[in-house]
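Quick notes on the structure that follows.
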Amino acid sequence: MPTDWSHLMHAYGPAVDVPQLFEQVADPERARDAWHELWSCLCHQGTVYPASFAALPVLAEIAADHRQYNCQQAIALASRIVVGEEQLHEAGYVRAHYPDEISALHRVTQQALTEQPFDGSGYDYLNPLEALLAFEGIAVWSDALLPDLRDVRCPSCSHRVAIDFYLRPPGARPVNARSRVRRLNPKESTATDVHPTAPADLPPLAARLYRLAIEAEQFVAAEHLTYLFGRATCPDCGNEFSVPEQIEAFVP
């Protein structure tokens with residue numbers, strides 16, 4: 001049964017313009033503007049809408065077409081919609097209602113991750129890795145692989161600290177190797193570092209992602225994963241803790 005877009009809402013009202021935008025992505029001269037509009041309508045600043053989920057079958061079709069730019073955009077937008085499902089539905093809604101589409105998107109994403117050469121560099125490889133995890137229904141890490149300022153709590157003293165994963169620009173050493181971890185809103189606080197985990201010691205999920213990055217020769221992304229799944233020293237109490245465990249456990 002055809003989708004009645006007029007009965008579905010997106011960020012700006014009834015989603016009557018969505019079919020036309022999807023038609024425009026097939027035109028190389030209009031594709032970028034059309035994708036910009038689709039992102040704005042269907043995943044506005046991370047917010048999803050009823051029309052967002054109805055768009056998943058179309059996004060799966062576009063991704064399967066293998067036109068590189070459109071494929072990348074379709075995978076990325078679909079994955080962000082999946083990550084945002086609990087804004088409107090219970091966890092698992094998308095996989096239950098769109099199993100074929102999610103399976104197709106997962107397959108295309110795997111292909112994109114293993115193609116040689118990968119179209120991108122630096123941290124770019126982390127985007128389809130997040131998408132892969134989104135389509136697998138893996139919580140937290142489907143929205144936590146990219147470099148960012150991550151808030152966690154020290155499990156020993158319960159102080160809230162921020163870990164800055166921006167301090168290692170692609171191919172460069174940190175400007176200050178001991179300034180990754182700081183207490184939030186400090187008057188005076190000793191900065192500490194994150195200690196990477198050796199590849200052989202990565203937990204199973206991280207080891208799989210690391211292996212994919214290495215096989216794709218995406219060494220910057222691979223190194224970033226060793227820090228993201230590393231250990232940090234609390235700047236307040238001096239105790240060491242697991243970074244991924246505290247990212248998974250963090251409650252503001």
Side-chain angles (χ1 to χ4, degrees), residues 1-113 119-120 124 126-146 148 251-252:
M1 181 180 297
T3 300
D4 185 353
W5 294 98
S6 66
H7 283 75
L8 296 171
M9 302 297 288
H10 61 35
Y12 304 107
V16 292
D17 54 342
V18 168
Q20 183 179 13
L21 291 171
F22 277 131
E23 289 179 4
Q24 291 174 4
V25 302
D27 182 349
E29 294 184 358
R30 307 179 73 179
R32 290 186 181 274
D33 288 341
W35 280 115
H36 177 79
E37 291 299 320
L38 284 166
W39 274 94
S40 184
C41 291
L42 301 177
C43 193
H44 186 70
Q45 297 181 348
T47 302
V48 295
Y49 310 86
S52 307
F53 302 100
L56 287 171
V58 186
L59 292 170
E61 289 181 9
I62 294 172
D65 191 37
H66 294 295
R67 276 181 265 193
Q68 194 169 68
Y69 177 71
N70 282 347
C71 180
Q72 291 172 344
Q73 290 294 318
I75 289 171
L77 180 52
S79 70
R80 294 305 91 193
I81 292 169
V82 172
V83 166
E85 70 175 346
E86 290 185 63
Q87 295 174 24
L88 297 179
H89 304 287
E90 293 183 355
Y93 168 87
V94 169
R95 295 176 65 81
H97 288 77
Y98 300 95
D100 294 340
E101 289 81 3
I102 295 302
S103 178
L105 285 161
H106 183 265
R107 182 170 58 253
V108 173
T109 304
Q110 284 185 311
Q111 293 171 354
L113 285 164
D119 181 33
D124 293 345
L126 299 171
N127 289 292
L129 281 182
E130 279 196 342
L132 186 75
L133 299 184
F135 300 139
E136 292 177 359
I138 296 177
V140 179
W141 297 109
S142 55
D143 196 29
L145 295 184
L146 293 173
D148 204 346
V251 177

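What you are looking at is a predicted structure, and each value in this text was computed from that prediction instead of being measured.
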Residues forming a side-chain hydrogen bond (donor to acceptor under 3.5 Å, both in side chains) with Glu136, sequence neighbours excluded:
His106, Arg208

Would you say Gln87's side chain and Val48's backbone share a donor-acceptor pair under 3.5 angstrom?
yes

Between Ser6 (side chain only) and Val16 (backbone N and O only), is there a donor and an acceptor less than 3.5 Å apart?
no

Using a 3.5 Å distance criterion without hydrogens, assess whether the side chain of Arg107 forms a donor-acceptor pair with backbone atoms of Ile102.
no

Side chains of Asp17 and Trp5: is there a donor and an acceptor less than 3.5 Å apart?
no

I need the Leu8 CG to Ser52 OG distance, nearest 0.5 Å.
9.5 Å

Please check: side-chain N/O of Ser103 versus main-chain N/O of Asp100, any donor-acceptor pairing under 3.5 Å?
no

Nearest heavy-atom approach of Leu105 to Ala63 is CD2-CB, 3.9 Å

Can you tell me how far apart CZ (Arg30) and CG (Leu21) are? Round to the nearest 0.5 Å.
9.0 Å

Does any part of the side chain of Leu42, heavy atoms only, come nearer than 4.5 Å to the side chain of Val18, both counted from C-beta?
yes

Given the side-chain rings of His89 and Phe53, with only the six-membered ring counted for Trp, is the space between their centroids under 6.0 Å?
yes

Ignoring hydrogens and angles, tell me if any N or O in the side chain of Ser142 forms a donor-acceptor pair with the backbone of Ala139 under 3.5 Å.
no

Any idea which heavy atoms bring Pro128 and Thr109 closest together, and the distance?
O-CG2, 3.4 Å

Taking the side chain from Glu85 and the backbone from Gly92, do they hold a donor-acceptor pair closer than 3.5 Å?
yes

Does the pair Cys71 and Val108 meet the rule for a side-chain contact (heavy atoms from CB on, under 4.5 Å), with working shown?
CA-CA 8 Å; Cys71 180; Val108 173; 3.5 Å; yes

Does Asp65 reach the main-chain N or O of Arg67 with its side chain, forming a donor-acceptor pair under 3.5 Å?
no

Min side-chain heavy-atom separation Val25-Leu38 under 4.5 Å:
yes

Carefully, step by step, assess Ser40 and Tyr12 under the rule side-chain contact (heavy atoms from CB on, under 4.5 Å).
CA-CA 9 Å; Ser40 184; Tyr12 304 107; 2.5 Å; yes

For the pair Asp124 (side chain) and Asp119 (backbone), establish whether a donor and an acceptor sit closer than 3.5 Å, ignoring hydrogens and angles.
no

Chi angles and distances behind the side chain to side chain donor-acceptor pair (under 3.5 Å) call for His7, Asp4:
CA-CA 6 Å; His7 283 75; Asp4 185 353; 2.7 Å; yes

Heavy-atom nearest pair, Glu130 first then Trp141, reads CG-O, 3.9 Å

Take Leu132 and Ile138 through the test side-chain contact (heavy atoms from CB on, under 4.5 Å) and record every step on the way to the result.
CA-CA 9 Å; Leu132 186 75; Ile138 296 177; over 6 Å; no

Looking just at side-chain N and O atoms, do Trp35 and Gln24 make a donor-acceptor pair shorter than 3.5 Å?
no

Within the side chain of Glu101, is there an N or O that forms a donor-acceptor pair under 3.5 Å with the backbone of Pro57?
no

Go through the steps to decide whether Glu86 and Glu90 satisfy the test side-chain contact (heavy atoms from CB on, under 4.5 Å), and finish with yes or no.
CA-CA 5 Å; Glu86 290 185 63; Glu90 293 183 355; over 6 Å; no

Quiz question: by atom type and distance under 3.5 Å, do the side chains of Gln72 and Asn127 form a donor-acceptor pair?
no

